[in-house]
Student: 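The structure that follows is given in the form of structure tokens.
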Amino acid sequence: RLRYCSLNYIATANANSSEIEVTGQAKTLNGFFKDIRQILQNNIEGLFGRNSNIISLILLAKSKTAIDYDTLSSIRDSGIAHIFALSGLHIAIFAWVLMLVLKPLSPILRYSILTLFLVVYTAVAGFPPSLVRSLIMSLFLFSADIFNRRNDTLTSLSASLIVVLLIYPF
């Protein structure tokens, strides 16, 4: 029973027999974000049809095996394959668009909405290390407005390095 519970299954055991009944799987936060990811992929398929695999690969890092070899080699030959790696580019684009849309709001509210969106996006993407690094750095950069400080890229980079090393030193 403990083994099933450690794997996030809901299991009951009968004290009179050695049988264990698995009644379902518990919902975890990770499972919740995987469900959101699947919903987004389904919506992308509905919107973009035959190009949905490329859009899913760019936004959610869907497996490259979903794209046919000729298309993938054309993308590599054109030199734009780097857009498939979820990184600071994605965070920067989303943050830039959100900052433009949220400009009329107060700095604290703008920062809160931006933080929520970027954290959820990183979670839906599965917390790839490149996105986590750029997320932390972006949060430090954008928090400068709240504290009436100057945006300093080197300080934000150094602070994000320290936070990443504290979270996962290996």
Student: Test of understanding: clusters of I, L, V, M, F, W, Y form through side-chain heavy atoms closer than 4.5 Å, transitively. Do Ile75 and Tyr69 belong to the same one?
Tutor: no
Student: Would you say that His90 contacts Ile58 through its side chain, given a criterion of any heavy-atom pair below 4.5 Å between the two side chains?
Tutor: yes
Student: Would you give the length of the straight line joining atom CG of Leu47 to atom CD of Glu45, rounded to the nearest 0.5 angstrom?
Tutor: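 It is 10.5 Å, given to the nearest 0.5 Å.
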Student: What's the spacing between Ser158 OG and Leu154 CG if we round to 0.5 Å?
Tutor: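 Here the interatomic distance stands at 4.5 Å.
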Student: Please report the C-alpha distance between Asp145 and Tyr111 in whole Å, then the side-chain angles of each, then the deciding distance to 0.1 Å, and finally whether the side-chain contact (heavy atoms from CB on, under 4.5 Å) criterion is met.
Tutor: CA-CA 9 Å; Asp145 285 344; Tyr111 181 76; over 6 Å; no
Student: Give, for atom OG of Ser52 and atom CG of Leu57, the distance between the pair rounded to the nearest 0.5 Å.
Tutor: 11.0 Å
Student: Show the nearest heavy-atom pair for residues Ser78 and Ile80, with the distance to one decimal.
Tutor: OG-CG1, 3.2 Å
Student: Where do Phe142 and Met99 land on the side-chain contact (heavy atoms from CB on, under 4.5 Å) test, with the steps shown first?
Tutor: CA-CA 9 Å; Phe142 293 123; Met99 291 302 273; 3.9 Å; yes
Student: Between side-chain atoms of residues 119-128 and protein atoms elsewhere (two or more places apart, or another chain), which donor-acceptor pairs fall under 3.5 Å?
Tutor:
unit_1, atom_1, unit_2, atom_2, d
Tyr121, OH, Leu59, O, 2.6
Thr122, OG1, Leu118, O, 2.8

Student: Could you list the donor-acceptor pairs under 3.5 angstrom formed between side-chain atoms of residues 161-170 and any protein atom two or more places apart in sequence or on another chain?
Tutor:
none

Student: Counting only heavy atoms not in Ile108 (residues, nucleotides, ligands), do more than 12 fall under 6.0 Å from its CD1?
Tutor: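 No.
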Student: Any side-chain heavy-atom pair from Thr155 and Phe140 closer than 4.5 angstrom?
Tutor: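 Not touching, per the 4.5 Å side-chain cut-off.
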Student: When rounded to the nearest 0.5 angstrom, what distance separates CD1 in Ile44 from CD1 in Ile39?
Tutor: 12.0 Å
Student: Could you tell me whether the side chain of Asn42 reaches within less than 4.5 Å of the side chain of Gln38, counting heavy atoms only?
Tutor: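 A side-chain contact under 4.5 Å exists here.
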Student: Scan the side chains in residues 129-138 for donor-acceptor partners under 3.5 Å anywhere in the protein, sequence neighbours excluded, and list what turns up.
Tutor:
unit_1, atom_1, unit_2, atom_2, d
Ser130, OG, Leu86, O, 2.3
Ser134, OG, Ser130, O, 3.1
Ser134, OG, Leu131, O, 3.1
Ser138, OG, Ser134, O, 2.8

Student: Please report the shortest heavy-atom distance between Leu60 and Gln41, naming the atom on each side.
Tutor: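 Looking at all heavy atoms of both residues, the closest pair is CD1-CG, 3.6 Å.
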Student: To the nearest 0.5 Å, what is the distance between CG on Leu141 and OG on Ser160?
Tutor: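 The OG atom of Ser160 is 8.5 Å from CG of Leu141, to the nearest 0.5 Å.
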Student: So, Ser56 side chain and Asn53 main chain: donor-acceptor pair closer than 3.5 Å or not?
Tutor: no
Student: Indicate, with yes or no, if Ile91 and Leu157 share a hydrophobic cluster defined by side-chain heavy-atom contacts under 4.5 Å among Ile, Leu, Val, Met, Phe, Trp and Tyr.
Tutor: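 In one cluster: no.
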